[in-house]
Protein chains: 2
Amino acid sequence: MKPSIKDVAHLAGVSLGTVSRVLNNNPKVKPENQQKVLRAIAQLGYHPNPFARSLPSNKTHMISIFLPLMSSEFYGYLFEGIDNELSNVWYDSSIYPVFSKRRLISYSNPNAFPYQSDGMLFVSLIPERLFEGGHVPTNKPVVLVDAFSDKYDSIYVDNVNGGYLAGKHLIEKPGEIYLISIGEERNVEFASGVFGKRRRGFERALEEAGMHLMNSHVFEIGENFWEALTVGRKILQKAILPVNIFAVCDTLAMGIVEAVKESGLKLGIDVRVIGFDDLKWSEKIGLTTVRQPIMEMGKKATTILLDRISRDTSPRHEVCFKPKLIVRKSTGR
Amino acid sequence: MKPSIKDVAHLAGVSLGTVSRVLNNNPKVKPENQQKVLRAIAQLGYHPNPFARSLPSNKTHMISIFLPLMSSEFYGYLFEGIDNELSNVWYDSSIYPVFSKRRLISYSNPNAFPYQSDGMLFVSLIPERLFEGGHVPTNKPVVLVDAFSDKYDSIYVDNVNGGYLAGKHLIEKPGEIYLISIGEERNVEFASGVFGKRRRGFERALEEAGMHLMNSHVFEIGENFWEALTVGRKILQKAILPVNIFAVCDTLAMGIVEAVKESGLKLGIDVRVIGFDDLKWSEKIGLTTVRQPIMEMGKKATTILLDRISRDTSPRHEVCFKPKLIVRKSTGR
DNA sequence: CCTCTTTGATGAAACGTTTCATTAAAGATA
DNA sequence: TATCTTTAATGAAACGTTTCATCAAAGAGG
């Protein structure tokens with residue numbers, strides 16, 4: 001059986017309390033005894049049991065990351081930012097994907113496994129939509145990333161402004177304007193609303209220029225490459241060139257670009273495409289896009305969460321990053 | 001404060017043990033008392049604390065999923081298969097990405113947080129390479145998916161045969177043969193070796209046909225679209241047409257396809273491309289590929305893990321799925 | 001030398017459960 | 001009616017820690 005703190009205490013010839021104090025770096029322990037305890041720990045290969053530890057202390061040194069789905073590059077970058085920040089303080093994280101009714105039911109139990117962590121990071125998720133009563137069923141700190149709520153600390157990028165930048169850029173170009181967005185209505189509970197915001201900003205830019213986005217020029221699809229590819233083909237089949245297309249994320253933009261290349265039309269001349277995100281490959285395919293600082297968002301959110309865990313009681317934090325337009329050849333020049 | 005089992009017992013007018021038995025569906029409780037307890041639970045909004053529960057019972061109703069990185073579609077499908085299977089038995093899962101030295105250190109503690117779960121699923125990871133001593137530091141059940149080890153239950157696809165199928169298909173076509181693979185040497189500890197196997201099978205097919213893969217025709221890159229795109233451009237610049245290219249996964253194949261389209265060459269005629277995986281979009285871009293049943297693998301691995309958790313002590317399980325060649329127009333006809 | 005503080009260690013209670021040995025009550029058998 | 005089973009409930013111990021109130025020993029001050 002695994003050694004317990006009792007075995008250590010016995011071997012070192014001290015009491016439980018003393019071992020515990022050594023484990024927790026409590027200064028009130030004689031150097032001599034500390035050595036004895038450390039030797040016993042090493043000799044037995046003892047490691048404290050985190051669950052047992054958390055019972056009296058109510059601390060786990062863990063945070064829980066909730067996110068809607070896994071297979072998007074966005075979350076890879078975000079996670080990198082989070083993990084870097086955690087490594088400074090020896091915290092670890094577990095990831096809990098939220099994408100089904102079943103998961104949601106399980107997470108509405110205030111004693112659900114994930115809520116035993118010291119803090120929660122909700123990524124691209126809005127508690128108001130997810131939970132009955134509109135809040136995460138825990139008293140522990142909760143921080144939102146890539147999502148906004150006026151009840152929680154929120155770290156996000158100014159999506160409306162991002163869409164606006166895209167719009168401003170496209171209205172200068174000749175040709176009709178199309179929008180490829182992500183339909184958030186079907187799964188409204190798992191949606192963060194960021195795509196709707198990008199669209200709003202985009203439409204505002206058009207309106208300011210006295211232009212109007214036609215319903216027939218708007219396509220709402222799933223968040224994946226191949227639906228965008230399909231839509232791209234459909235658009236190019238009957239469009240009057242040149243055409244200007246805003247896709248609300250780079251993955252969709254990629255689908256459009258692919259359709260353009262298939263069709264033999266010239267990207268940046270016949271068809272202009274602008275995306276949103278600026279993922280690693282966006283530069284390689286010359287995609288004009290609106291950049292958001294994903295890793296920084298993850299980092300910032302983590303810092304705030306860790307502060308909250310160590311009893312930061314200041315009023316709600318809200319950090320809004322500014323997006324930046326990156327012009328490449330998919331919109332000509 | 002949250003209600004505890006004591007509060008329930010008190011309100012229901014029974015002992016702790018009785019409440020516990022109700023919670024665990026132990027039949028030895030009088031219906032009348034059961035009702036009292038259930039009412040008290042509902043009235044207090046009581047939920048058992050999973051950590052406290054796990055202390056005496058050593059059960060969490062959780063499994064831990066370890067995987068090397070997040071942003072690949074492969075893991076999305078796999079997770080779907082896993083989660084479906086879990087939902088039947090009311091198990092939940094947490095995900096632990098393994099990609100840095102730091103993570104590895106933290107996971108070599110036998111009492112690390114993830115090992116408190118009832119079982120571990122190691123995805124695309126080989127314990128022998130990850131841990132000193134060559135095994136996962138836990139006594140609880142461990143099952144490997146998309147990876148092979150003769151020490152653990154292993155669920156995987158026959159990658160050698162998959163590569164062989166790709167090779168057999170390409171050698172029938174005129175033109176030189178290229179291989180785009182993933183360099184596993186840099187991060188050998190986090191690698192599963194599947195790409196090497198695909199390559200071996202591929203080369204075997206060539207050898208059987210008296211052909212030989214030239215070193216200058218092999219490219220080892222990172223597992224991402226844009227490195228493949230870059231390599232694709234490089235190849236097409238100087239290649240003598242026609243060219244036949246095997247990419248060890250669809251994501252890389254996609255990069256090559258993209259390069260082909262940019263170049264204006266004809267896919268399936270000037271340049272033939274075959275991938276591996278058969279992701280959702282592969283059909284849409286007409287990519288010939290070797291299909292592996294990702295979801296099924298996840299499902300099967302989960303079933304086995306759950307059996308192990310409920311004390312299946314039969315000898316080591318090994319399930320090898322057969323890959324299937326899917327011919328589409330990226331290899332002509 | 002006596003008292004007062006400080007330092008470090010101790011033992012026990014607590015955290016929220018499960019589980020086990022025990023007991024009480026009820027039913028069955030003779 | 002007396003004994004034997006069965007059923008259901010109880011109380012306490014256990015799981016592996018932290019923490020708190022208490023205590024003993026040592027050092028300081030007069």
Side-chain angles (χ1 to χ4, degrees), chain A residues 1-38 40-41 44-62 109-113 115-118 139-140, chain B residues 1-38 40-41 44-62 109-113 115-118 139-140:
Chain A
M1 215 40 225
K2 281 184 195 163
S4 83
I5 197 172
K6 271 185 201 159
D7 305 311
V8 175
H10 186 250
L11 179 59
V14 299
S15 74
L16 290 193
T18 304
V19 177
S20 176
R21 262 173 288 120
V22 170
L23 290 173
N24 295 288
N25 295 316
N26 185 318
K28 301 212 162 193
V29 46
K30 217 193 309 187
E32 180 195 331
N33 278 338
Q34 164 152 335
Q35 284 313 312
K36 278 202 249 171
V37 169
L38 289 178
I41 288 177
L44 293 171
Y46 165 79
H47 298 276
N49 177 322
F51 281 22
R53 240 177 167 176
S54 94
L55 224 49
S57 73
N58 210 24
K59 282 259 156 260
T60 60
H61 258 62
M62 274 276 159
N109 166 4
N111 261 338
F113 200 87
Y115 301 133
Q116 307 300 320
S117 296
D118 297 345
N139 296 319
K140 300 191 175 156
Chain B
M1 217 38 228
K2 281 185 193 161
S4 84
I5 197 173
K6 272 185 200 158
D7 305 311
V8 175
H10 186 250
L11 179 59
V14 299
S15 74
L16 290 194
T18 305
V19 177
S20 175
R21 259 173 289 119
V22 170
L23 290 174
N24 295 287
N25 297 316
N26 186 318
K28 302 211 158 191
V29 47
K30 217 193 307 186
E32 180 195 333
N33 278 341
Q34 164 154 335
Q35 285 312 312
K36 277 202 250 172
V37 169
L38 289 178
I41 287 177
L44 292 172
Y46 166 79
H47 298 275
N49 177 323
F51 282 21
R53 239 175 165 177
S54 94
L55 224 49
S57 74
N58 209 22
K59 283 257 155 263
T60 59
H61 258 61
M62 274 275 157
N109 166 3
N111 260 338
F113 201 87
Y115 301 132
Q116 307 300 318
S117 297
D118 297 345
N139 296 318
K140 300 189 173 157

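So you know, we letter chains A, B, ... as the sequences are listed, proteins then strands, and number each from 1.
- When the shell of 6.0 Å around NZ of B:K6 is examined, it contains 12 or fewer heavy atoms from other residues, nucleotides or ligands.
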**Request:** Could you go through the side chain to side chain contact (heavy atoms under 4.5 Å, CB included) check for A:N111 and A:Q116 one step at a time?
**Result:** CA-CA 7 Å; A:N111 261 338; A:Q116 307 300 320; 3.5 Å; yes
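- Listed nucleotides C:dT18, D:dG16, C:dA9 differ in distance to B:P56; the shortest reach to its side chain belongs to C:dT18.
- Using a 4.0 Å cut-off on heavy atoms, the residues of residues 19-37 of chain A that approach DNA chain D are A:S20, A:N24, listed by number.
- Environment of NE2 in A:H10: sparse, with no more than 12 heavy atoms of neighbouring residues, nucleotides or ligands closer than 6.0 Å.
- The separation between B:K59 atom NZ and D:dC15 atom P is 17 Å, rounded to whole Å.
- The CE-C1' distance, from B:M1 to C:dA14, rounds to 13 Å in whole Å.
- A residue-by-residue look at B:A52 and B:G17 shows that B:A52 has its nearest nucleotide of DNA chain C further toward the 5' end.
- Straight-line distance from the CD1 atom of B:I5 to the P atom of D:dA9: 15 Å, rounded to whole Å.
- Residues passing the side-chain contact (heavy atoms from CB on, under 4.5 Å) test with B:I5, sequence neighbours excluded: B:L16, B:V19, B:S20, B:L23, B:Y46.
- For D:dG16, neither phosphate oxygen OP1 nor OP2 lies less than 4.0 angstrom from any side-chain nitrogen or oxygen of A:R53.
- Side-chain proximity of A:T18 to D:dT17, C:dA9, C:dT18: nearest is C:dA9.
- Applying the side-chain contact (heavy atoms from CB on, under 4.5 Å) test to B:Q34 and every residue at least two apart in sequence or in another chain returns B:V29, B:L38.
- Note: CG (A:N111) to P (C:dG16) measures 10 Å, nearest angstrom.
- Following rounding to the nearest Å, A:F51 (CZ) and C:dT18 (P) show an atom-to-atom distance of 15 Å.
- The side chain of B:S15 lies closest to D:dT10 when the candidates are C:dT17, D:dT10, D:dT17.
- Checking C:dC15, C:dT19, D:dC15 against the side-chain heavy atoms of B:L55 singles out D:dC15 as nearest.
- Among A:V37, A:V22, A:T18, the one residue that satisfies the side chain to side chain contact (heavy atoms under 4.5 Å, CB included) test with A:V8 is A:V37.
- A straight line from CD of A:Q116 to C1' of C:dC15 spans 12 Å, rounded to a whole angstrom.
- In this structure, B:G13 and A:K6 both approach DNA chain D, and ranking their closest nucleotides by distance from the 5' end singles out B:G13.
- Scanning all heavy atoms of the two residues, the minimum distance from B:P3 to B:G45 falls at CG-O, 4.1 Å.
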